[in-house]
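What follows is one structure encoded as C-alpha cells, with my remarks underneath.
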Amino acid sequence: MIKILAITNQKGGVGKTTTSINLAASLVEAGKRVLLVDLDPQGNATMGSGVDKRLLQHTVYHVLLGERPIADVRVVSTPGKYDLIPANQDLAGAEVEMVNLEQREARLKAALQTVGKEYDFILMDCPPALNLLTLNGLCAAQAVMIPMQCEYFALEGLSDLVNTIKRVRVNFNPILKIEGLLRTMFDPRNVLAKQVSDQLQQHFGDKVYRTVIPRNIRLAEAPGFGVPVLFHDKLSKGALAYLALAKEIMDATA
Ligand code: ATP
Ligand code: MG
C-alpha cells in the first residue's frame, strides 16, 4: 500500500528538507519506490537531490497550474535513485495565480493520483509557511511528519500546526493524521533539549518517533555536493539515523 507523507512545519530551518532528501534515499536503499515532491520555491530539496533548479524548464509550478502532466515534469535524482518533482523560484508566484482556480487546494492531490501506482512512498517537502502550497501538501497526504528541534518555542509552534491539521481534516481531507513528530538536530548534552524532548513524549506519546536525528555535520555538508548523506558518508551518525527512521516507518506501515 502506498504511503503519502507531507513533511511539514511552518517554522523555518527545522530539518524538513534534510529529512525529505535523506528519508527518500534511505527508503530507496531499503528497496522502496519513492517519489519526492519539492513544494518549496527555495528549491532546496531539488538541489540537495543533485538536480540544478536553475536549469529546469518545468517544475511543480506547472503541475499545480495544470500546464503540464506530472509525468512530464518528473526527473530522477541520480545519486538518490528516487524520482523528484522539482521546484524553483517560479513556484513563488503560484499562490497568487492559483487563487481563482477551482479546487485550488486539491491540485497536487489530483496530479499525484495519476502516478500513485508507481510508488510505495510519496514524500512532500513543504515550505516554512502555512500557505496554499503547504495546504496542497496536506490535502494530498495521508499523514503528516513534523520535524522539530527541541527548543523552547518549538511547542508553541506545534499547537498552531496541530490546529491547522485539524482544520484541514474538517474541511478538506478527513483521513489526514499525524504520522509522527521527529526530533531533529538533537544534542543529548543540551539540558533544555532533553527537557523539551521529555515534554513532547508526555504530550504526544507514541506519536513521537523513537528514532532521533542527531546534530551531525555530515548532514549539513551533503547538500553542498548535491547528494543524500548516504552517498557522502555512509557510516556517519546522520546517515545511520535516517536509515533507522526509514526502518521505523516501514515497520509501522507493514
Ligand atoms: P526551511 O524552513 O528553510 O525549508 P528546513 O526546515 O527545510 O528549512 P533544513 O534546510 O533541512 O531545514 O535544515 C536547516 C539547516 O540545518 C540546513 O543548513 C541543514 O543542512 C542543517 N541541518 C539540518 N538537519 C541537521 C542535522 N541533523 N545536523 C546538522 N545540521 C542539520
Ligand atoms: Mg526546506
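In listed order, ligands and their atoms are each counted from 1. Small disclaimer: the values here were computed from a predicted structure and weren't measured.
- The distance criterion of under 3.5 Å between nitrogen or oxygen atoms is met by Thr17 with respect to ligand 1.
- Thr134 places a side-chain N or O within 3.5 Å of a backbone atom of Ala129 that can act as its donor or acceptor partner.
- Distance remark: protein heavy atom present below 4.0 angstrom from atom 1 (P) of ligand 1.
- Between the side chain of Asn88 and the backbone N or O of Arg54 there is no donor-acceptor pair closer than 3.5 Å.
- Legend: salt bridge (charged side-chain N to carboxylate O under 4.0 Å, His left out) pairs involving residues 228-244, not counting sequence neighbours, sorted by first then second residue: Glu29-Lys234, Arg218-Asp233.
- Considering backbone and side-chain N/O of Gly15, one or more are found under 3.5 Å from N/O of ligand 1.
- Not a single donor-acceptor pair under 3.5 Å links the side chain of Glu95 to the backbone N or O of Asn131.
- Shown here, atom 15 (C) of ligand 1 is out of close reach of the protein: none of its heavy atoms lies under 4.0 Å off.
- For atom 26 (C) of ligand 1, the nearest non-hydrogen atom from the set Lys16, Met185, Gln10 comes from Met185.
- A donor-acceptor pair is defined here as one N or O able to donate and one able to accept, closer than 3.5 Å; such a pair exists between the side chain of Lys207 and the backbone of Ile178.
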Worked check of side chain to side chain donor-acceptor pair (under 3.5 Å) between Asp125 and Thr17: CA-CA 6 Å; Asp125 181 29; Thr17 300; 2.8 Å; yes

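- Heavy-atom proximity to Gly13, at under 4.0 Å, picks out these atoms of ligand 1: 1 (P), 2 (O), 3 (O), 5 (P), 6 (O), 8 (O), 12 (O), 14 (C).
- At a 3.5 angstrom cut-off on N or O pairs, Pro214 counts as close to ligand 1.
- Remark: the backbone N or O of Leu123 is not paired with any side-chain donor or acceptor of Lys3 at under 3.5 angstrom.
- Around the Mg ion (ligand 2), the protein contributes the following N, O or S atoms at distances under 2.8 Å: Thr17 OG1.
- Rounded to the nearest 0.5 angstrom, Thr18 OG1 and Met185 CE are separated by 6.0 Å.
- When only interatomic distances are considered, the shortest N/O to N/O separation between Asn216 and ligand 1 falls below 3.5 Å.
- Set against the non-hydrogen atoms of Val14, the atoms of ligand 1 under 4.0 Å away are 5 (P), 6 (O), 12 (O).
- Following chains of ILVMFWY side-chain contacts shorter than 4.5 Å, one can reach Met124 starting from Leu64, so the two form part of one hydrophobic cluster.
- Checking only distances, Ile217 never comes within under 3.5 Å of ligand 1, N or O to N or O.
- When only interatomic distances are considered, the shortest N/O to N/O separation between Gln42 and ligand 1 falls below 3.5 Å.
- Of all protein heavy atoms, the one lying nearest to atom 20 (O) of ligand 1 is Ala220 CA, 3.3 Å.
- To the nearest 0.5 Å, the span separating CG on Asn171 from NZ on Lys166 amounts to 14.0 Å.
- Side chains of Cys139 and Asn136 form no contact here, defined as non-hydrogen atoms less than 4.5 Å apart.
- Arg183 places no side-chain N or O within 3.5 Å of a backbone atom of Val212 that could act as its donor or acceptor partner.
- In summary, the atoms of ligand 1 found under 4.0 Å from a heavy atom of Pro128, numbered by their order in the structure, are 2 (O), 4 (O).
- Under a 4.0 Å criterion applied to the non-hydrogen atoms of Ile213, ligand 1 contributes the atoms 27 (N).
- Atom 17 (C) of ligand 1 has as its closest protein heavy atom Thr18 OG1, 4.8 Å.
- For the pair Glu248 (side chain) and Thr211 (backbone), a donor-acceptor distance under 3.5 Å is present.
- With a heavy-atom cut-off of 4.0 Å, Asp40 touches ligand 1 through its side chain alone.
- Near Leu219, the atoms of ligand 1 lying under 4.0 angstrom from a non-hydrogen atom of the residue are 26 (C), 27 (N).
- An N or O contact shorter than 3.5 Å is missing between Gly12 and ligand 1 by distance.
- Asp120 pairs by the side-chain hydrogen bond (donor to acceptor under 3.5 Å, both in side chains) definition with Arg33, not counting sequence neighbours.
- Note on residues 34-92: pairs passing ring-ring contact (aromatic ring centres under 6.0 Å, His included), not counting sequence neighbours, are His58-His62.
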